[in-house]
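Reading through the structure tokens given below for one structure.
These values consider heavy atoms only, across backbone and side chains, with no hydrogens, waters or symmetry-generated copies. Read the numbers this way: they start at 1 and go in the same order the structure lists the ligands and their atoms.
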Amino acid sequence: AQSVWGYDSENGPEHWHENYPMAKGDKQSPIEINSKDVQHDSSLSAWHASYDPGAAKTILNNGRTCRVVFDDTFDRSVLRGGPLTGAYRLRQLHLHWGSADDHGSEHVIDGVKYAAELHLVHWNPKHGNFAGALKQPDGVAVVGVFLKVGKTPKPEMKRILEEIDNIKTKGKEAPFQHFDPSILFPKSRDYWTYHGSFTTPPCEECITWILLREPIEVSPDQMARLRSLSKNGENEPLCPLVDNWRPVQPVKGRIVRASFK
Ligand code: GRE
Ligand code: ZN
């Protein structure tokens, strides 16, 4: 059915399990979060990101997302606290987005789909390397930030979106240095947390999700820039890179905890 996975009808999320059986596992992501079903947990502490701007390396278009890659060869940019034990190293950030403003996020909050979702991916160095971490239930921690189109856009997103003109097509990569992604966080540190998976194949179930309650705002112009990326290579027919999100998966009895009331 599919040669390489993607988001189209012939290779999209409904087909992933054919080559990646974990995609039908019991702890898949994303999920819908219903605020009436979440459990406030007063023992959940605050999370802290301590990022070194010098760790940022490159930005690239891999035909499925736009990703910024960080140096993770030592503990220079780390996430701690919240539901986590120990420090997790920042490896990359990337986004999922839609073709219109009313969809694009992967997690759905009380029926609401946001225009985009930013994922900051960290791994637990006690497992040696990233590949080792993927095999462990406490291997990876992802901070998810929702993006909505609004009138008070975060100027901080500009840096990423400016660079997009340099990585229009699949396989393009550009230097992306001196960037502290914590400038993208919303004011509130309130979060939901649950155990789930990568939302892309092989959909390993190794992720502690930390989803921030407060979305950040982007301008219509900034969203248009994101949608101007292409999944085709240079000199190939134009194919816009949009709707790179996986639909929600069965919760299967998992509990979502909230850090706030
Ligand atoms: C992704 O590729 O979309 C992804 C990761 C890591 C964690 C979550 C996620 O690469 O969605
Ligand atoms: Zn993602």
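Nearest to atom 2 (O) of ligand 1 among the protein's heavy atoms is Thr200 OG1, 2.9 Å. For atom 10 (O) of ligand 1, the closest heavy atom belonging to the protein is Gln92 NE2, 3.1 Å. Of the protein's non-hydrogen atoms, the one nearest atom 11 (O) of ligand 1 is Thr199 OG1, 2.6 Å. Closest to atom 6 (C) of ligand 1 among all protein heavy atoms lies Phe198 CE2, 3.1 Å.
Listed by atom number, the atoms of ligand 1 under 4.0 Å from Ile207 heavy atoms are 7 (C), 8 (C). Applying the 4.0 Å criterion to heavy atoms of His96 picks out, from ligand 1, the atoms 3 (O), 11 (O). Each of the atoms 6 (C), 7 (C) of ligand 1 lies under 4.0 Å from some heavy atom of Val121. The contact set between ligand 1 and His119, taken as ligand atoms under 4.0 Å from a residue heavy atom, comprises 9 (C), 11 (O).
In this model, a donor atom of one side chain and an acceptor atom of the other lie less than 3.5 Å apart for His127 and Asp138. Between the side chains of Asp72 and His122, no donor N or O sits under 3.5 Å from an acceptor N or O.
Between Lys135 and Glu204 no salt bridge is recorded (no basic side-chain N to carboxylate O distance below 4.0 Å). For the pair Arg227 and Asp101, the salt-bridge criterion is met [side-chain N within less than 4.0 Å of a carboxylate O]. Salt-bridge formation is detected for the pair Arg76/Asp71: a Lys NZ or Arg NE/NH1/NH2 atom is positioned less than 4.0 Å from an Asp or Glu carboxylate oxygen. Look at Asp75 and Arg80 and you find no salt bridge, because none of the NZ, NE, NH1 or NH2 atoms lies under 4.0 Å from a carboxylate O.
Remark: side-chain polar atoms of Asn61 are paired, donor with acceptor, to backbone N or O of Lys168 under 3.5 angstrom.
Inclusion of Ser197 in the set of residues having an N or O under 3.5 Å from an N or O of ligand 1 is not warranted.
Between His94 atom NE2 and His119 atom ND1, the angle centred on the Zn ion (ligand 2) amounts to 100° (nearest 10°).
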